[in-house]
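To start, the structure under review is shown below, and the notes come after it.
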Amino acid sequence: MDWTTLAGTGLGAVVGVGATLLADRVRWRRETGERDRRERRDLYVTCLTRYRLAYEDRHTAALAHRDGHAGRPDAAVRDAFRASGCDEVRETVLLCAPQETTAVMEDVYTTLRELLEVFAAGDPAPDTPRFQEHRLRHAQAVRAARAAMRDALERGA
């Protein structure tokens with residue numbers, strides 16, 4: 001028996017198995033990266049959607065209280081915020097998202113909490129320029145968060 005044939009066959013088998021393992025590893029990393037990106041995208045969408053719904057619910061509670069009840073709308077506004085799930089989704093983002101994304105999401109949350117206090121106090125009224133300043137600050141924080149999220153998703157980070 002010719003040993004070179006046997007050695008060549010063995011070497012070919014080792015190279016073939018190694019190439020297959022390498023290809024599987026590359027495919028696994030690509031699939032894992034895609035899955036992670038999809039999960040982060042879903043988390044980002046959930047977070048921004050909950051924040052938006054919390055804003056809308058608190059705004060509605062504040063207006064309904066102002067139009068139909070005397071006094072400050074504290075309880076209704078705070079209940080609407082608690083029911084929104086913002087705190088839960090915020091904690092999930094803080095644990096699962098890249099650091100640069102969590103920083104901008106904290107800005108969004110902070111401006112959302114500022115709006116909570118404005119709605120709860122009933123001052124300034126939603127139709128005033130002072131209120132619009134609060135709203136604009138929140139909208140700017142949301143835009144910055146969207147940009148950071150897009151960057152993170154494009155980079156795969």
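All values below were derived from every heavy atom in this structure, side-chain atoms included, with hydrogens, water molecules and symmetry-related copies excluded.
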Distance (rounded to the nearest 0.5 Å) between [X] [atom1] and [Y] [atom2]:
| X | Y | atom1 | atom2 | value |
| --- | --- | --- | --- | --- |
| His138 | Leu115 | NE2 | CG | 6.0 Å |
| Glu31 | Asp36 | CD | CG | 12.0 Å |
| Thr102 | Tyr109 | OG1 | OH | 14.5 Å |
| Leu153 | Tyr44 | CG | OH | 5.5 Å |
| Leu94 | Gln99 | CG | CD | 8.5 Å |
| Asp87 | Thr92 | CG | OG1 | 10.5 Å |

Flag, side chain of [X] to backbone of [Y], donor-acceptor distance under 3.5 Å:
| X | Y | answer |
| --- | --- | --- |
| Arg58 | Leu112 | yes |
| Thr46 | Asp42 | yes |
| Thr128 | Pro124 | no |

Would you call [X] and [Y] a side-chain contact if the rule is heavy atoms closer than 4.5 Å?
| X | Y | value |
| --- | --- | --- |
| Met149 | Arg40 | no |
| Cys86 | Arg113 | no |
| Met105 | Tyr51 | yes |

Identify the two heavy atoms, one from [X] and one from [Y], that lie closest to each other, and give their separation to 0.1 Å.
| X | Y | answer |
| --- | --- | --- |
| His134 | Arg130 | CD2-O, 3.3 Å |
| Ala120 | Val77 | N-CG1, 3.9 Å |
| Ala145 | Val104 | CA-CG2, 3.6 Å |
| Ala121 | Asp74 | N-OD1, 4.1 Å |

Please determine if Glu56 and Arg52 form a salt bridge, counting it only when a charged side-chain N lies under 4.0 Å from a carboxylate O.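 Salt bridge between Glu56 and Arg52, a charged N being under 4.0 Å from a carboxylate O: yes.
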Ionic contact status for Arg37 with Glu34, cut-off 4.0 Å: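 Salt bridge between Glu34 and Arg37, a charged N being under 4.0 Å from a carboxylate O: yes.
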Looking at Arg35, I'd like to know if its CZ atom is crowded, meaning that more than 12 non-hydrogen atoms belonging to other residues, nucleotides or ligands lie closer than 6.0 Å.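 Enclosed.
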Starting from Leu11, walk the hydrophobic network (Ile, Leu, Val, Met, Phe, Trp, Tyr; side-chain heavy atoms closer than 4.5 Å) and list everyone else you reach, by chain and number.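 Same cluster as Leu11: Val15.
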Kindly give the cluster partners of Val17, where membership spreads through any ILVMFWY side chain lying under 4.5 Å from a current member.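 When side chains under 4.5 Å apart are linked, the cluster holding Val17 also contains Leu21.
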Once side-chain hydrogen bond (donor to acceptor under 3.5 Å, both in side chains) is applied, do any residues pair with [X], and if so which ones, sequence neighbours excluded?
| X | result |
| --- | --- |
| Arg135 | Tyr55, Gln132 |
| Glu88 | none |
| Arg27 | Asp24 |

Which residues satisfy the ring pair (Phe, Tyr, Trp, His ring centres under 6.0 Å) test with Phe81, sequence neighbours excluded?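 Here no residue qualifies.
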Please answer: with hydrophobic residues joined when any side-chain heavy atoms are less than 4.5 Å apart, are [X] and [Y] in the same cluster?
| X | Y | result |
| --- | --- | --- |
| Phe131 | Leu116 | yes |
| Val108 | Leu53 | no |
| Leu48 | Val89 | yes |

Check step by step if side-chain contact (heavy atoms from CB on, under 4.5 Å) holds for Glu114 and Glu117. CA-CA 5 Å; Glu114 289 170 2; Glu117 296 306 322; 5.9 Å; no
